[in-house]
There are 2 protein chains.
Amino acid sequence: MCHQNEITFKMEFKEAKNKFVQTWGALGSQWGINKTMAQIHALLMVSNEAVSMEDIMEELQISRGNASMNIRALMDWGIVYKEYKAGERREFFTAEKDLDELAVKISKERSKREIKPALKVLKEVSSISANTTSEEKHFVDQTKKLYDFVLKADNVLDKITEYKDNWLAQILMKFMK
Amino acid sequence: MCHQNEITFKMEFKEAKNKFVQTWGALGSQWGINKTMAQIHALLMVSNEAVSMEDIMEELQISRGNASMNIRALMDWGIVYKEYKAGERREFFTAEKDLDELAVKISKERSKREIKPALKVLKEVSSISANTTSEEKHFVDQTKKLYDFVLKADNVLDKITEYKDNWLAQILMKFMK
DNA sequence: TTAAACTTTCAAAAAAAAATGAAAGTTTAT
DNA sequence: ATAAACTTTCATTTTTTTTTGAAAGTTTAA
């Protein structure tokens, strides 16, 4: 009886974990992050302790190469770390578990890799020489606005982080609701 | 001479426009929006007046079917509109050009399509029955935190919109910098 | 009602992205 | 120095996503 319960429970946990990993993977691919990368991250996020590459391969049913490359990518993003265990030769991996820290790191990386280059192009195209026709005026106007907008949006997360730790700001904002 | 200048100028404009459309398309695909969809949107954003499907096909060098399906998708997102011109049989298209409005619409759609379902799963998996091992405790704890975090993040844009129109809040925030 | 002028749909093709796995590379203990 | 125990790389294969284009559908004007 007791044993039966334990099995039932274990099943439920495994199912829940699997569901979470799958969902996170699907969400990732909708946001331009590859499925496996998101799944590995999900797995590490909810893992108590560091996980070996072997175990990641086993749990996600993926090849060694795939695991290796995606772990590497996650480390490049700065949201997964290598860990060494005493007396163990192989490497273990953990994820950044503090969600604020995670959000900051992801947004910084995306900013660096995608937003900043886009801003450069926006600045470039919005500064084409003298514009006579209304078509051209509209183009310059719109791309300038876009530049300002993206620039502001790019800074939003920093502002939120600042605000988050500022109790006075929080109280004032509550007042004004 | 004057003619030569005009040609040079036209070239520069076309190049700039093309560069913008290509960049926007690339950015889109990094964010889980298909390239053509993002390119059509870019094209309409910087277009003075409504554009016909024929012209979209021509400018982006894409097939009729591709154009039709992606325009439809953009209209489903609520960021592109059909327009009719007097005496013209065919349909023309325009993009939402107000960037705040655009951001609100995109974030509302993404919230509805992706975040809300993800939240549902997070709530589900974080409420698995009694948890004994530390592994299971950690799972429940972490997914709960994630639920709260995603819920908060999901509301951020509304908050920013509110804040944007609140002059008092803005002044106060500047004080506290 | 008809036919011309359009748009949409969707099965098939093409392109792009991701995954595999075996060989090459690395590290560590002896 | 060597071999065992690992990890990484990358050419090839597989999977997924996107695009095509022709047929079907729709609308409009006469």
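Order of the sequence lines fixes the chain letters, A, B, ..., with proteins taken first and strands second; residue numbering starts at 1 for each chain.
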- Of all residues at least two apart in sequence or in a different chain, which pass the salt bridge (Lys or Arg N to Asp or Glu O under 4.0 Å) check with A:E83? none
- Item | Interatomic distance where CD1 belongs to B:I71 and C1' belongs to C:dT9 [whole Å] | 15 Å
- Task: Give, ordered by number, those residues of residues 29-38 of chain A having at least one heavy-atom distance below 4.0 Å to an atom of DNA chain D; if nothing qualifies, reply none.
- Result: none
- Query: With a distance cut-off below 6.0 Å to the six-membered ring centre and an angular limit of 45° from the axis, does A:R113 pair with A:W77 as a cation-pi contact?
  - Reply: yes
- Length of the line joining A:N66:CG and D:dT9:P, which is rounded to integer Å: 14 Å
- Could you state the atom-to-atom distance from CE of B:M57 to C1' of D:dA22 in whole Å? 13 Å
- Note on the structure: Using a 4.5 Å side-chain heavy-atom cut-off and chaining through intermediate ILVMFWY residues, the residues clustered with A:V156 come out as A:I160, B:V156, B:I160
- Query: Does the side chain of B:S134 come under 3.5 Å of the side chain of A:N48 through a donor N or O and an acceptor N or O?
  - Reply: yes
- Task: Taking side-chain contact (heavy atoms from CB on, under 4.5 Å) as the test, write out the residues that go with A:S63, two or more places apart.
- Result: A:N66
- Query: Which residues satisfy the side-chain contact (heavy atoms from CB on, under 4.5 Å) test with A:K123, sequence neighbours excluded?
  - Reply: A:Y147
- Compute the centroid of each ring, for B:F92 and then for B:Y84, and state whether the two points are separated by less than 6.0 Å. no
- Determine whether A:D154 and A:K116 make a side-chain contact, defined as any pair of heavy atoms from C-beta on separated by less than 4.5 Å. yes
- Message: So if I define the base as every atom that isn't primed, P, OP1 or OP2, how would nucleotides 3-8 of chain D read as a B/S/- string at a heavy-atom cutoff under 4.0 Å?
- Response: -BBSBB
- Message: Distance check needed: D:dG21 P versus B:N70 CG, whole Å only.
- Response: 15 Å
